[in-house]
Amino acid sequence: MQSKDTNHSLKAAVWYTFSNFISKALLYLCTPFYTRILSKTEYGQYSNFISWQSILTALFTLDLSSSVAIAYFEYKNKKKFDCFISSISIGSIIIPMFFCGIILIFPYELLEALNMQRDHLLLLLLVLCFGNTLGIFQAEQRTKIKYKLSSVLTLFASCGSVVLTIILASSIKDKLMGVLLGNILINIVINICLLFVILKRSFICKWEYIKFSLCIAIPLVPHVLAGTILGSSDKIMINRMCGSEKTALYNLVYTVSMIITMFASSINKAWVPWFFEKMSIGDDKAIKAAVRKIFPVMSFLAFGVCLISPEIVLILGGKQYYESIFLMPPLILHCICNFVSTFYINIEFFEKKTFGISVATVTSAVINILLNYYCIAIWGFKATAYTTLFSAILSLAFHLYKVKRQRLFYVFDNKFIMIMLTLTICICLFIQFTYKQFILRYILIVVYVTVIIIQVYHKRDEIQSIISNIFAK
């Protein structure tokens, strides 16, 4: 029975991450449309809007959805749990409204600080107030190990946004406003509809439940906010110091590099339940064996993205974005370092010692901002790719130290991980020097594809077994 429940949990995690990956991939496929229908300046403004949306969402909403899993075990009675979901859904609207109300008292100062137009600010405030219910609903579904409706909604939101964005951006004169409206409207409609569904089930708002959620969520705000700032500060600082056109160049390659992060996030969501189970029984041998399989796959994926980066940039942005290809390897390596960090962060979560996670993320974010300030002034916007990589390495070093202090360094084969990471860094940086050596790069691509074919052939039975398990009823 336990094995059956574990398989069901794993299947739910795989389907959830699969739908999440596909939805993000659909949005990335819009990048060629954005870069061609928008000028470089407008694309830079779009990037600036998305960056501030991420930061203010983390700050204003207080990430109430992070408390859902714990509340599910705290309020085991179905009625109480429904009341909890209802309460924090209402709270996720009231709390951002309070902060947005304060913002509207000083609109001109904020417009200057955010480097944003007035109409764009109003759209941003709208999505901050009415864009959070879906996250709470998805957290509820994951906690109950239900994935079908959540996956459908995720895919519908992405497909709907893509279609509406293309229609509006092609129809109205202000192309940037069309892109922003297309990205926001469908999500707001879905969030409002879900709010009605939740309130119909239980129309209750109790301070007791909101307080419980805040006690869990607020300590994690520094980690969530700093992580968001770490991913967005580069673009915001480039936008202010170098202009929107340079922001557009950086944003394009940063978006492509996030392919690695999407895969890493998907793997981690499926990995965590299994990892916690093995940690609870002290089976570090199985953990070491799994890492020896997972890490090389991620490294090999990084090599592939690096190798075809020039073609990806040409397809997504065109020749006007080609100069940004040399930023791809350090940004991809930043994603790989973050992926390795999650191994050790999971140990900290398992031990319920999460304060160090916030310390590491906040410290990395502060150092990244300081380095950006000085390095952009000296070397231009391209320096941000290397400051981002340095911050990720620093964060990884902190988590290694933290886990060693917890005397859990033995859980992973650290020597193997460090050797693989060093090789990955060296190979990706070497690939960067082949971008002007077309013949050499295409030879490497042929070798790369040949290795994939050979590996798939040798692992065909194992691959078929995994696919059968995922799609089994």
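Just so you know, these numbers use all the heavy atoms, side chains as well, and skip hydrogens, waters and symmetry mates.
- Screening Leu38, Leu181, Thr41 for a side-chain contact (heavy atoms from CB on, under 4.5 Å) involving Leu176 leaves a single residue, Leu38.
- For the pair Thr450/Val446, a side-chain contact is recorded, criterion being any heavy-atom separation below 4.5 Å from C-beta on.
- Contact check for Ser299 versus Leu423: no side-chain heavy atoms found under the 4.5 Å cut-off.
- The environment of CD1 in Ile439 is sparse: at most 12 heavy-atom neighbours from other residues, nucleotides or ligands sit within 6.0 Å.
- When side chains are defined from C-beta on, Ser39 does not count as touching Lys175, because their heavy atoms never get closer than 4.5 Å.
- Between Phe343 and Phe412, the gap from one ring centroid to the other is short of 6.0 Å.
- Of all heavy-atom pairs between Cys306 and Ile332, the closest is SG-CD1, 3.5 Å.
- The two residues Ile417 and Val340 make their nearest non-hydrogen contact at CG2-CG1, 3.7 Å.
- When the shell of 6.0 Å around CZ of Phe416 is examined, it contains more than 12 heavy atoms from other residues, nucleotides or ligands.
- Side-chain N/O atoms of Asn368 and Ser391 include a donor and acceptor closer than 3.5 Å.
- In this structure, CD1 on Ile188 lies 12.5 Å from CG on Leu134, to the nearest 0.5 angstrom.
- Between Cys337 and Ile393, the closest side-chain pair of non-hydrogen atoms falls below 4.5 Å.
- Note: Ser324 OG to Phe326 CZ = 10.0 Å, rounded to the nearest 0.5 Å.
- What you find for Ala169 and Ile37 is that their closest heavy atoms are O-CD1, 3.4 Å.
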Query - Pair His334-Asn338, side chain to side chain contact (heavy atoms under 4.5 Å, CB included): steps then yes or no - result: CA-CA 6 Å; His334 144 259; Asn338 285 342; 3.0 Å; yes

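- The closest donor-acceptor contact from the side chain of Thr387 to the backbone of Thr384 lies under 3.5 Å.
- No donor-acceptor contact under 3.5 angstrom links the side chains of Tyr254 and Asp234, judged on distance only.
- Shortest non-hydrogen contact noted between Ile425 and Leu333 is CA-CD2, 3.6 Å.
- Atom CG of Leu389 is separated from atom SG of Cys335 by 10.0 Å, given to the nearest 0.5 angstrom.
- In terms of heavy atoms, Ala157 sits closest to Asn187 at CB-OD1, 3.6 Å.
- Counting heavy-atom neighbours within 6.0 Å of Phe156 CZ, excluding the residue itself, gives a total of 12 or less.
- In the displayed structure, Tyr322 atom OH is contacted under 6.0 Å by more than 12 heavy atoms of other residues, nucleotides or ligands.
- The number of heavy-atom neighbours closer than 6.0 Å to CZ of Phe390, taken from other residues, nucleotides and ligands shown, is 12 or below.
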Query - Intermediate values then yes/no, side chain to side chain contact (heavy atoms under 4.5 Å, CB included), Gln53 and Phe49 - result: CA-CA 6 Å; Gln53 180 185 339; Phe49 179 93; 3.5 Å; yes

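- Rounding to the nearest 0.5 angstrom, the gap separating the CE atom in Met418 from the CG atom in Leu400 is 5.0 Å.
- Tyr374 contributes atom OH, which lies 13.0 Å from atom CD1 of Ile369 (distance to the nearest 0.5 angstrom).
- Looking at heavy atoms from C-beta onward, Val313 lies in side-chain contact with Met328 at the 4.5 angstrom threshold.
- Here the closest non-hydrogen pair linking Ala385 and Tyr250 is N-CE1, 4.0 Å.
- Here the straight-line distance linking atom OG of Ser171 with atom CD1 of Ile166 works out to 11.0 Å at 0.5 Å rounding.
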